[in-house]
*Asks:* 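Sharing a structure below in structure tokens format, with a few things to ask.
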Protein chains: 2
Amino acid sequence: MSSGIIPLPIHVEPETRTQAGPTFHLGDCRDILSDYPNDYFDLIITSPPYADARKNTYGGIHPDDYVTWFLARTAVFQRVLKPNGTFILNIKEQAKNGERHTYVLDLILALRTQGWLWTEEFIWHKKNCHPGKWPNRFRDAWERCLQFNLNRKFNMYQDAVRIPMGDWSKERLKKLGKNDVRRFTSQVESGFGKNIQNWVGRDLAYPSNVLHMATECGNKNHSATFPKGLPKWFIKLFTQEGDYVLDPFVGSGTSCHVAHELNRHSVGIDTVEDYIKQAQHVYD
Amino acid sequence: MSSGIIPLPIHVEPETRTQAGPTFHLGDCRDILSDYPNDYFDLIITSPPYADARKNTYGGIHPDDYVTWFLARTAVFQRVLKPNGTFILNIKEQAKNGERHTYVLDLILALRTQGWLWTEEFIWHKKNCHPGKWPNRFRDAWERCLQFNLNRKFNMYQDAVRIPMGDWSKERLKKLGKNDVRRFTSQVESGFGKNIQNWVGRDLAYPSNVLHMATECGNKNHSATFPKGLPKWFIKLFTQEGDYVLDPFVGSGTSCHVAHELNRHSVGIDTVEDYIKQAQHVYD
DNA sequence: AGCTCTTATGAATCATTGA
DNA sequence: GTCAATGATTCATAAGAGC
């Protein structure tokens, strides 16, 4: 797992670190992370505020300024991420004036210039996407989950996300009710079944780079959460128990909550006080 | 449908045009299309040769040269595509040396500079993608289907691609749930009311921008075939009967065969004689 | 156990208005 | 005229409850 003693962040009290829950910080991740040592995190996973022309809103960074704004933060991520760690970025460009924005494409290219390797692009297929109907466009049912690394060798625990498949599972399905079969099937397709543990050890297959997940936002106060299953999958794939996970735009805290459930240490940062209070409140 | 008389391409014999089948040309689409008039096609759909560092193979264009190579052709596409037409580009960057290539991102940006609007990015989810296992990567189960347009107003026939609704909806329409009624009646408050008028008598649903289609290994001679369902979907969505479809990198001819089945005129071009012979052979 | 019914819920998009 | 803010308009699915 971890190799040697990991120094504690300077400003974090020891009793905070020995608490059961994640560590939450209020502030800009650039500033907060300056107190963290090099090579500290095994995984950085985040769904940052998307570019938005509207001012005075959370995430109101103009598309034209977005790359510059973002790279100032990813420069710090490079320092605190372990050499064998992974950075997962969940993002999707909106349509504006009939066209898709290009700032995400610009961002990928800029991150490579900054030194990141663009290892993979996972697709999150949102099975229950936002309603709507337009003459020139169907509903947007997917988002990008971009994987970046610092080295070509990185930690990946593929066995942790295997899914049941094959003849054996068919036998098993015979014993289940019709409703259960339908739900199980969707679990198999998605790779995010709740009760995957029950099938561990028998005829497991590896998933692909398309993730089928319904959106389920447990928290109505924060509009921008991803469903628990999404960070869960990546945390299992790229970390082991006892590892360190960072979400620098943690919002309502989903990724840290999940990391905690999976026995990973985690740090969540956000500039909005309400989110941090609310995320922390679970552990008070 | 078509408005007025469409001039015939100069070098195409009249009997060719009155034949039942598509028109196939051997050669570089830049050259072949020079004989076609402006504003001729309603849809250009193609799966071009992907960038490949290997020389002397079909599609062996080096990634560094790909954008320049491609833009020389899309400049011609702009001329022969109708103002209200659509250009669908099926493409996916490979992984090389542990990273995804970026030439597709570069291409999207370059096409916008050339004057195309990047209207949408559809995801083709390949349900049965190639098996395989790598230590740092899962199976690649998706490809991009990039939609480009010349104008913000373009032809789109959404009803042509509606799909059957799930079973759950049939009974539901008989007796709408309490929640449906409540949200409908309080549309202004909730912002998510259902327009019940749109539901009554409907058993078809509109798709999203994620397409689920299995790959077919119909033709082993051509490596870059897409399954029939993919061009079929886009041809139905963006053209009507009697319209004109172009595939400038037609390969084994799939998109033209499908266009023909759907009573659209079609033109297929390829630089490889074997492909053209084979595509044409069906109609001899 | 299996079926039906009910409820919950989502980072949207575009036309219009106003600065 | 361009740009930014506001408002109106949109489905489809998963999962739970109840019989």
Side-chain angles (χ1 to χ4, degrees), chain A residues 47-60 62-64 90-101 104 124-144 175-187 189-190 192-194 212-220 222-227 229-230 249 251-252 254, chain B residues 119-120 152-153 158 162-184 187-199 202-210:
Chain A
S47 186
Y50 293 2
D52 189 344
R54 290 172 302 179
K55 302 297 180 189
N56 303 321
T57 61
Y58 180 66
H62 194 281
D64 296 342
N90 167 228
I91 198 165
K92 178 63 189 274
E93 61 272 29
Q94 308 96 313
K96 177 69 186 271
N97 201 14
E99 259 194 303
R100 289 276 165 204
H101 271 298
V104 175
W124 168 25
H125 172 218
K126 297 187 286 187
K127 287 194 280 193
N128 61 337
C129 56
H130 202 90
K133 188 181 185 312
W134 307 274
N136 61 340
R137 187 175 293 283
F138 288 134
R139 292 173 308 137
D140 189 11
W142 65 279
E143 295 192 16
R144 304 177 196 277
K175 300 175 182 174
L176 298 173
K178 205 177 189 181
N179 252 348
D180 294 327
V181 170
R182 179 167 48 77
R183 289 171 187 174
F184 179 81
T185 301
S186 75
Q187 286 173 2
E189 284 173 353
S190 71
F192 296 104
K194 282 188 206 168
H212 302 267
M213 304 220 26
T215 55
E216 45 161 282
C217 177
N219 194 324
K220 293 181 180 178
H222 190 256
S223 60
T225 53
F226 36 46
L230 198 67
F249 308 99
S252 59
T254 304
Chain B
T119 307
E120 181 58 300
R152 292 195 162 76
K153 299 277 185 185
Q158 300 190 355
R162 285 192 298 175
I163 52 183
M165 277 182 154
D167 296 335
W168 55 268
S169 66
K170 293 172 186 170
E171 296 301 317
R172 180 172 190 169
L173 290 174
K174 292 179 183 173
K175 187 178 181 180
L176 288 167
K178 198 188 286 181
N179 193 38
D180 293 329
V181 176
R182 180 176 54 76
R183 293 177 108 184
F184 176 68
Q187 267 190 65
V188 179
E189 289 180 53
S190 70
F192 283 97
K194 295 177 194 294
N195 188 346
I196 292 178
Q197 293 286 351
N198 292 346
W199 281 60
R202 261 185 59 193
D203 55 352
L204 296 175
Y206 291 101
S208 73
N209 59 359
V210 176

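Reckoned from all heavy atoms, side chains included, excluding hydrogens, waters and symmetry mates. Since the structure is predicted, the reported quantities are computational estimates derived from the model, not experimental observations. So that the names make sense, note that chain A is the first sequence line, chain B the second, and so on, each numbered from 1.
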*Asks:* Rounding to an integer number of Å, can you tell me how far A/Asn97 CG sits from C/dT16 P?
*Replies:* 13 Å
*Asks:* Under the 3.5 angstrom rule, does the side chain of A/Arg137 hit a backbone N or O of B/Thr119 as a donor-acceptor pair?
*Replies:*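 Indeed, once roles are kept as given, a pair shorter than 3.5 Å links the two residues.
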*Asks:* To check you understand the geometry: which heavy-atom pair defines the closest contact between A/Pro63 and A/His101, and what is its length?
*Replies:*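 Between these two residues, the closest heavy atoms are CG-CE1, 3.6 Å.
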*Asks:* Hey, which sits more toward the 5' end of DNA chain C by its nearest nucleotide, A/Cys129 or A/Arg137?
*Replies:* A/Cys129
*Asks:* On DNA chain C, check which nucleotide each of A/Glu93 and A/Asn128 is closest to and give me the residue with the more 5' one.
*Replies:*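 Looking at DNA chain C, the more 5' nearest nucleotide goes with A/Asn128.
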*Asks:* When you get a sec, tell me which of D/dT13, C/dA11, C/dT13 is the closest nucleotide to the side chain of A/Lys127?
*Replies:*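 Selected nucleotide (nearest to the side chain): D/dT13.
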*Asks:* Taking D/dA15 as the reference, what is the distance to C/dA11 when you measure between their P atoms (whole Å, please)?
*Replies:*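 Comparing P positions in C/dA11 and D/dA15 gives a spacing of 15 Å.
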*Asks:* Under 3.5 Å, is there a donor-acceptor pair between the side chain of A/Asn90 and the main chain of A/Arg144?
*Replies:*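 Judged by distance alone, yes, a pair lies under 3.5 Å.
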*Asks:* To the side chain of A/Pro131, which of C/dA11, C/dG10, C/dC14 is closest?
*Replies:*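 Among the listed nucleotides, the one closest to the side chain of A/Pro131 is C/dG10.
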*Asks:* Might you point out which heavy atoms bring A/Pro227 and A/Met213 nearest each other, and give the distance in Å?
*Replies:* CG-CE, 3.9 Å
*Asks:* Between atom CG in B/Leu204 and atom P in D/dC11, what is the gap in whole Å?
*Replies:*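 My rounded result for the distance is 13 Å.
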*Asks:* Counting side-chain heavy atoms from CB outward, which of C/dA12, C/dA11, D/dC11 is closest to A/Asp140?
*Replies:* C/dA12
*Asks:* Looking at the side chain of A/Ala214, which of C/dA11, C/dA12, D/dA14 is the nearest nucleotide?
*Replies:*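 Comparing C/dA11, C/dA12, D/dA14 against the side chain of A/Ala214, the answer is D/dA14.
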*Asks:* Taking the side chain of A/His62 as its heavy atoms from C-beta onward, which of C/dG10, C/dC14, D/dA4 lies nearest to it?
*Replies:* D/dA4
*Asks:* When you compare the side chain of A/Leu230 with that of A/Lys126, does any pair of heavy atoms fall below 4.5 Å?
*Replies:* no
*Asks:* Over how many whole Å does the gap from A/Glu143 atom CD to C/dG10 atom P extend?
*Replies:* 13 Å
*Asks:* Does A/Lys126 put a side-chain nitrogen or oxygen below 4.0 Å from OP1 or OP2 of C/dA11?
*Replies:*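 Looking at the OP1 and OP2 atoms of C/dA11, one of them is under 4.0 Å from a side-chain N or O of A/Lys126.
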*Asks:* Kindly point out which of D/dA14, D/dA12, C/dT13 is positioned nearest to the side chain of B/Tyr206?
*Replies:*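 The answer is D/dA12, which lies nearest to the side chain.
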*Asks:* Rounded to the nearest angstrom, tell me the gap between atom CD in A/Gln94 and atom P in C/dA12.
*Replies:*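 My rounded result for the distance is 8 Å.
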*Asks:* Report yes if at least one side-chain N or O of A/Arg100 is closer than 4.0 Å to OP1 or OP2 of C/dT13; otherwise report no.
*Replies:* yes
*Asks:* Please work out the stems of DNA chain D from pairs that are Watson-Crick or G-U wobble with both distances under 3.5 Å, keeping only runs of three or more consecutive pairs.
*Replies:* C:2-10 with D:11-19, C:12-19 with D:2-9
*Asks:* On the nucleotide C/dC14, are OP1 or OP2 found under 4.0 Å from the side-chain N or O atoms that A/Asn136 carries?
*Replies:*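 Answer yes for this pair, as a side-chain N or O of A/Asn136 is under 4.0 Å from OP1 or OP2.
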*Asks:* Compare all side-chain heavy atoms of A/Glu93 with those of A/Tyr50 and state whether any distance is below 4.5 angstrom.
*Replies:*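 Contact flag for A/Glu93/A/Tyr50 side chains = no.
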*Asks:* Give one of base, sugar-phosphate or nothing for B/Pro207, where a contact means two heavy atoms less than 4.0 Å apart.
*Replies:* nothing
*Asks:* Measure across B/Asn209 and B/Glu120 and return the closest heavy-atom pair with its distance rounded to 0.1 Å.
*Replies:* ND2-OE2, 3.2 Å
*Asks:* Can you tell me if A/Lys133 touches the phosphate of C/dT13, counting only side-chain N or O atoms and a distance under 4.0 Å to OP1 or OP2?
*Replies:*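 For C/dT13, neither OP1 nor OP2 has a side-chain N or O of A/Lys133 closer than 4.0 Å.
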*Asks:* Quick check: closest heavy atoms across B/Pro207 and B/Arg162, and the distance to 0.1 Å?
*Replies:*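 Of all heavy-atom pairs spanning B/Pro207 and B/Arg162, the closest is CD-CA, 4.4 Å.
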*Asks:* Would you find a donor on one side and an acceptor on the other, under 3.5 Å apart, between the side chain of B/Gln158 and the backbone of A/Phe138?
*Replies:*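 No, the answer is negative, given that no donor and acceptor are paired below the 3.5 Å cut-off.
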*Asks:* Whole-Å distance between D/dA12 P and B/Arg162 CZ?
*Replies:* 9 Å
*Asks:* Looking only at side-chain atoms of A/Arg139, point me to the closest of D/dA12, D/dA14, C/dT13.
*Replies:* D/dA12
*Asks:* Could you check how far CD of B/Gln158 sits from P of D/dC11, rounded to whole Å?
*Replies:*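 The distance from CD of B/Gln158 to P of D/dC11 comes to 10 Å, rounded to the nearest Å.
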*Asks:* What's the NZ-P distance between A/Lys96 and D/dT2, to the nearest Å?
*Replies:*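 Whole-Å distance recorded here is 14 Å.
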*Asks:* Taking only side-chain nitrogens and oxygens of A/His130, does any of them come within less than 4.0 Å of OP1 or OP2 of C/dA12?
*Replies:*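 For A/His130, the contact criterion (side-chain N or O under 4.0 Å from OP1 or OP2 of C/dA12) is met.
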*Asks:* Given atom NE2 of A/His125 and atom C1' of D/dA14, what is their separation to the nearest angstrom?
*Replies:* 13 Å
